[in-house]
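Working notes for the structure below.
For clarity, every value in this text was computed on a predicted model and none was experimentally measured.
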Amino acid sequence: MNASQGRSRDLILGIDVGTTAVKTALFTAGGALLRAHTVGHATARPRPGYAEQDPGDWWDGCLRGIAAVLDGVPGGDVRSVGLVSQVNTHVFADDQLRPLAPAITWQDQRCAAVARELDGRFTAEDKTRIWGGPITLDASRLVCRAAWFARRHPELWARTRWVLSPKDWVNARLTGTVSSDGLSSVGLVDGSGDRYAPEAIALVDGLAERLPPLAAPASPLGPVTAQGLGRVPAVTGTMDAFGTVFGSGTTEPGRALLSCGTSLIVAGASRHSLPNRGVVTFPRTDGLYVHAAPTQAGGDALSWWSRARSLSVPEVLDAAASAPPGASGVVFTPHLLGERAPLWDSAVRGAFLGLGAETTDAHLSRAVLEGVAMSGRQALAAVEAACGAPLDTVTLSGGGSRSDLWAQIFADVLRRPVARLTARDNGAVLGAALLGAVGAGLHPDITTATRAAVLVDRVFDPDPARADLLDPLYDVYTSSYEALRDVHARLDAWRGAQD
């Protein structure tokens, strides 16, 4: 049955184990947000290039979030639970699901040398045969992490029973069932997405038996036994980026999304696939390909700048609003932790270009916002190339979408209308909840669920004069990478020599 046929109090619970927080939200089956709760968690950076989290923080955030949004809600009204999480974050756990070390997050670059070694073993033709496209084995891929962990900590690797993503580890603790999905298993599955690629997992001895069984994202796992949920069914779930795909309605051809959370993620849907190394192309599902370009820093660039200037984020946004479009010729490249899509270069770092004696904090603050938007435009170009067609419908979500200024900057830089979603920074958690609803039979499929539940708050149209002003600066942004590539490589070698 669909939502209109269900009971008026059919409620669906979504959980997003994100990079900076666990978000828990309660929706109606039609997508109306009833309650939301956020519990932040820290990322430790004990050495240059490291980025770690404590899985216990994820579990604590889930339990606190569930308790908060279900307070006073009759247990029988909640019909399903769905989880999504940050992806390319990995926890090495024993047979009791006890973490053996801090989780290595997607931002972590400690495995860069191992990644280059493994990536060099394959030609572009090999990669297309194994994975369906010319992917790059970078420092965020699990095979690189597992190889590094097995070499550096052989005693812990011997005790490792499971290597899990955050949502798989939390789901296992909620339901007692260990499972994952092909969409989240980046770089591990073959072109079908239904099974592990033998040549990929064979790169690390013993990895195959440490991986969870695969299932579809909406596949029921079993009942949740956590407080306040009785025996409500949960589903396997998927990565937060795909949660945002579902929560933004990017389930039909010609649609694109920008999710400005900690990272900036750009994705598009198409019936065609022309894979390129700049994007991640997911296996065809229901006749549709999703091509995604995850960057390293979206909102994280804004957070970094606010910390560097000892200002609050609202103060930075106010300063940026006082500067002219184009920041008087200052261009910012937000590669603070290397870059994923579309560059896939762990050595590159961020920069301000065009500084002058007249440059102010306001100019720099505006340049940060515009630089992230330019990274979005570059990523969108790679996604459109993979789709083989332009993507004229672009939605915006994530915490960064709360700023009207930033949303308008995205529209001006992209030179196309940007539709901000009502869910804003709850897009991924809405997608998680909708997967749970499909698994529980409240919607027949995810496309039907998104049509019923995804709503637009406001459309930001590009200003032609501002767009013309920003175009030359975007050209500077894109050309600066090749111009400084060798400089960044030499700096990376210098940093490596200090370790």
Side-chain angles (χ1 to χ4, degrees), residues 12-19 22-25 27 58 62 80-91 106 140 142 163-172 174-175 177-189 192-196 211-222 224 233-251 257 259 261 263 265 267-269 280-286 288-294 397-398 423 426-440 443 445-447 449-450 453-454:
I12 57 178
L13 183 70
I15 301 172
D16 173 17
V17 183
T19 303
V22 176
K23 296 179 181 178
T24 307
F27 302 88
W58 308 333
C62 286
S80 64
V81 179
L83 267 79
V84 298
S85 74
Q86 51 179 303
V87 74
N88 284 350
T89 290
H90 305 107
V91 55
W106 57 270
S140 69
L142 176 54
V163 186
L164 302 172
S165 71
K167 59 98 178 171
D168 297 332
W169 183 79
V170 170
N171 263 335
L174 285 173
T175 67
T177 301
V178 177
S179 179
S180 191
D181 67 298
L183 296 175
S184 295
S185 303
V186 181
L188 296 175
V189 294
S192 73
D194 296 329
R195 55 187 177 271
Y196 292 115
L211 295 175
L214 295 176
S219 295
L221 278 179
V224 173
V235 296
T236 296
T238 190
M239 65 166 73
D240 52 2
F242 245 91
T244 303
V245 166
F246 300 140
S248 67
T250 312
T251 53
L257 72 87
S259 175
S263 66
I265 297 171
V280 178
T281 295
F282 293 95
R284 188 177 181 183
T285 304
D286 298 328
L288 198 67
Y289 293 97
V290 171
H291 308 277
S397 61
N426 288 311
V429 74
L430 172 60
L434 293 176
L435 283 173
V438 172
H443 291 288
D445 53 64
I446 194 64
T447 300
T450 61
V454 177

Partners meeting side-chain contact (heavy atoms from CB on, under 4.5 Å) with [X] (sequence neighbours left out):
X      : value
Leu288 : Pro253, Ala269, Arg271
Arg284 : Tyr289
Ala267 : Val245, Leu257, Val290, Ala292
Ala215 : Ser179, Ser219, Thr236

Taking every non-hydrogen atom, the tightest pair across [X] and [Y]:
X      : Y      : result
Val84  : Ala428 : CG2-O, 3.6 Å
Ala433 : Ser80  : O-OG, 4.3 Å
Val224 : Ala234 : CG2-CB, 3.6 Å
Ala218 : Val438 : CB-CG1, 4.0 Å
Ala241 : Ile265 : CB-CD1, 3.8 Å
Ala453 : Leu430 : O-CD2, 4.0 Å

message: Would you say Thr251 and Thr450 are linked by a side-chain donor-acceptor pair, where the criterion is simply a distance under 3.5 Å?
response: yes

Sequence-distant partners of Asp168, salt bridge (charged side-chain N to carboxylate O under 4.0 Å, His left out), two or more places apart: none

So, do [X] and [Y] sit near enough that their side-chain heavy atoms are less than 4.5 Å apart?
X      : Y      : answer
Leu214 : Asp194 : no
Leu434 : Phe27  : no
Pro294 : Ser263 : no

message: My understanding is that only residues two or more places apart in sequence, or in another chain, count here; which of them pass ring-ring contact (aromatic ring centres under 6.0 Å, His included) with Phe242?
response: Phe246, Phe282

message: Exactly one of Asp16, Asp181, Thr89 should register a side chain to side chain donor-acceptor pair (under 3.5 Å) with Lys167. Which one does?
response: Asp181

message: Within this structure, what is the CG-CG distance for the pair Leu142 and Leu188, rounded to the nearest 0.5 Å?
response: 5.0 Å

- prompt: Got a second to check how far Leu221's CG is from Leu174's CG, nearest 0.5 Å?
  reply: 9.5 Å

- request: Output, in order, the C-alpha distance, side-chain angles, deciding distance and verdict of side-chain contact (heavy atoms from CB on, under 4.5 Å) for Val170 and Ser85.
  value: CA-CA 10 Å; Val170 170; Ser85 74; over 6 Å; no

field: side-chain contact (heavy atoms from CB on, under 4.5 Å) between Thr177 and Asn171, intermediate numbers included
entry: CA-CA 7 Å; Thr177 301; Asn171 263 335; over 6 Å; no

- prompt: Can you check side-chain contact (heavy atoms from CB on, under 4.5 Å) on Leu435 and Ile446, steps first, answer last?
  reply: CA-CA 7 Å; Leu435 283 173; Ile446 194 64; 4.1 Å; yes

message: Using side-chain contact (heavy atoms from CB on, under 4.5 Å), reason through Val17 and Cys62 one step at a time and then give a plain yes or no.
response: CA-CA 8 Å; Val17 183; Cys62 286; 4.1 Å; yes

- prompt: Quick one: does Ser184's side chain have a donor or acceptor within less than 3.5 Å of a partner on Met239's backbone?
  reply: yes

